[in-house]
Amino acid sequence: MQQTTAELYLRLSDCTMRVGRGSRGRPALEVYAGYRLIDVAVAGSTLAPTLLRGALRSARREPAWALAWGVLPDDGVPPRVEFRRGRFVLQAPATIFADRFWVATVPGTYRALAVRTTDDAPVEGGRLTRMRLPRL
């Protein structure tokens with residue numbers, strides 16, 4: 001599914017993806033949890049991994065969800081995203097956002113993920129970071 005708007009709200013995680021501008025006018029993906037900016041991914045950046053930029057899972061005592069995002073590869077084809085819980089693997093579709101980024105989200109409890117572009121490409125991934133709710 002192609003997203004062309006400047007903002008994408010993910011109800012399950014209460015996160016919002018917004019299009020911004022990085023250095024030298026490059027497109028940037030701003031990731032918000034509620035009203036807090038938690039990450040910025042800049043397309044074409046050589047300072048950080050581009051395919052997988054970040055991954056979160058729900059906070060304790062919240063309905064369970066998992067979320068991952070990153071920058072599309074040069075060919076524009078979204079990666080295969082696999083959320084993992086022990087031996088169980090769930091392949092999730094990656095949604096293209098703002099023509100340069102991808103996002104994938106699923107309900108459920110997952111602790112790790114793997115992201116790849118093709119079968120023979122190196123796998124990026126690791127553990128999901130637990131969302132931290134602000135203290136009141």
Side-chain angles (χ1 to χ4, degrees):
M1 182 171 122
Q2 186 93 4
Q3 287 287 343
T4 56
T5 63
E7 183 171 293
L8 175 63
Y9 176 68
L10 305 169
R11 184 174 0 146
L12 186 64
S13 62
D14 194 31
C15 289
T16 303
M17 308 291 178
R18 292 187 183 142
V19 178
R21 287 279 166 224
S23 61
R24 290 178 254 155
R26 294 178 294 186
L29 174 68
E30 300 172 349
V31 181
Y32 291 85
Y35 293 103
R36 294 178 300 145
L37 177 65
I38 60 172
D39 189 41
V40 176
V42 179
S45 174
T46 58
L47 299 176
T50 55
L51 182 60
L52 174 62
R53 175 61 190 178
L56 293 172
R57 64 186 175 125
S58 55
R60 296 185 198 279
R61 296 181 287 279
E62 266 193 358
W65 52 264
L67 169 66
W69 64 91
V71 179
L72 283 173
D74 291 336
D75 63 8
V77 177
R80 285 196 337 235
V81 181
E82 299 174 345
F83 290 97
R84 299 168 180 234
R85 175 178 57 235
R87 292 184 181 168
F88 179 75
V89 175
L90 174 67
Q91 288 192 357
T95 299
I96 296 174
F97 179 64
D99 299 326
R100 297 300 302 266
F101 306 98
W102 64 268
V103 60
T105 185
V106 294
T109 303
Y110 298 94
R111 303 223 186 291
L113 82 154
V115 179
R116 73 181 86 215
T117 55
T118 62
D119 288 334
D120 57 347
V123 175
E124 289 190 35
R127 297 187 60 76
L128 297 166
T129 302
R130 187 178 293 281
M131 175 70 84
R132 304 284 183 214
L133 296 176
R135 293 183 184 189
L136 299 177

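Because the structure is predicted, anything quoted here is derived from the model rather than measured. The first residue of the sequence shown is numbered 1, and numbering continues consecutively from there.
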* Asked: So, do L29 and R53 sit near enough that their side-chain heavy atoms are less than 4.5 Å apart?
  -> no
* Asked: Is it true that V42 and L37 fall in one hydrophobic cluster, defined by side-chain heavy atoms closer than 4.5 Å?
  -> yes
* Asked: At what distance, to the nearest 0.5 angstrom, does CG of L8 lie from CD1 of I96?
  -> 12.5 Å
* Nearest heavy-atom neighbours spanning A33 and M131 -> CB-CE, 3.6 Å
* **Test log, rule side-chain contact (heavy atoms from CB on, under 4.5 Å), inputs M17 and V31** => CA-CA 5 Å; M17 308 291 178; V31 181; 3.6 Å; yes
* Atom pair CH2/CG of W65 and L10 - distance to nearest 0.5 Å -> 9.0 Å
* Asked: What are the two closest non-hydrogen atoms of A104 and A94, and how far apart are they?
  -> CB-CA, 4.3 Å
* Structure fact -> Between F101 and A98 the two heavy atoms that sit nearest each other are CD1-CB, 4.3 Å
* Structure fact -> When every non-hydrogen atom of A66 is compared with those of L128, the smallest separation belongs to CB-CD1, 3.9 Å
* To do: Take V19 and F97, measure what side-chain contact (heavy atoms from CB on, under 4.5 Å) needs, and give me the verdict at the end.
  => CA-CA 9 Å; V19 178; F97 179 64; 3.8 Å; yes
* Take D14 and Y9 through the side-chain hydrogen bond (donor to acceptor under 3.5 Å, both in side chains) test and state the conclusion after the steps. => CA-CA 7 Å; D14 194 31; Y9 176 68; 2.8 Å; yes
* Flag side-chain contact, heavy atom, 4.5 Å: F83 against R57 -> no
* Answer yes or no: is there a side-chain heavy-atom contact under 4.5 Å between R127 and R111? => yes
* Asked: Does a side-chain heavy-atom distance below 4.5 Å link P79 with E124?
  -> no
* Passes side-chain contact (heavy atoms from CB on, under 4.5 Å), L52 versus W102? Steps please. -> CA-CA 9 Å; L52 174 62; W102 64 268; 4.1 Å; yes
* Asked: Can any side-chain N or O of R130 pair as donor or acceptor with the backbone N or O of S58 at less than 3.5 Å?
  -> yes
* side-chain contact (heavy atoms from CB on, under 4.5 Å) with D74: which residues, sequence neighbours excluded? -> none
* Asked: Going only through I, L, V, M, F, W and Y residues with side-chain contacts under 4.5 Å, is there a path from V123 to L90?
  -> no
* **Criterion side-chain contact (heavy atoms from CB on, under 4.5 Å) on L56 and S13, from CA distance to verdict** => CA-CA 9 Å; L56 293 172; S13 62; over 6 Å; no
* To do: Please name all residues satisfying side-chain hydrogen bond (donor to acceptor under 3.5 Å, both in side chains) with E82, sequence neighbours left out, ordered by chain then number.
  => R84, Q91
* **Nearest-0.5 Å distance, OG1 of residue T16 to CD1 of residue I38** => 10.0 Å
* Would you say the side-chain atoms of R100 pair up with the backbone N or O of L72, donor to acceptor, closer than 3.5 Å? -> no
* Asked: Are any of the side-chain heavy atoms of P78 and T95 separated by less than 4.5 Å?
  -> no
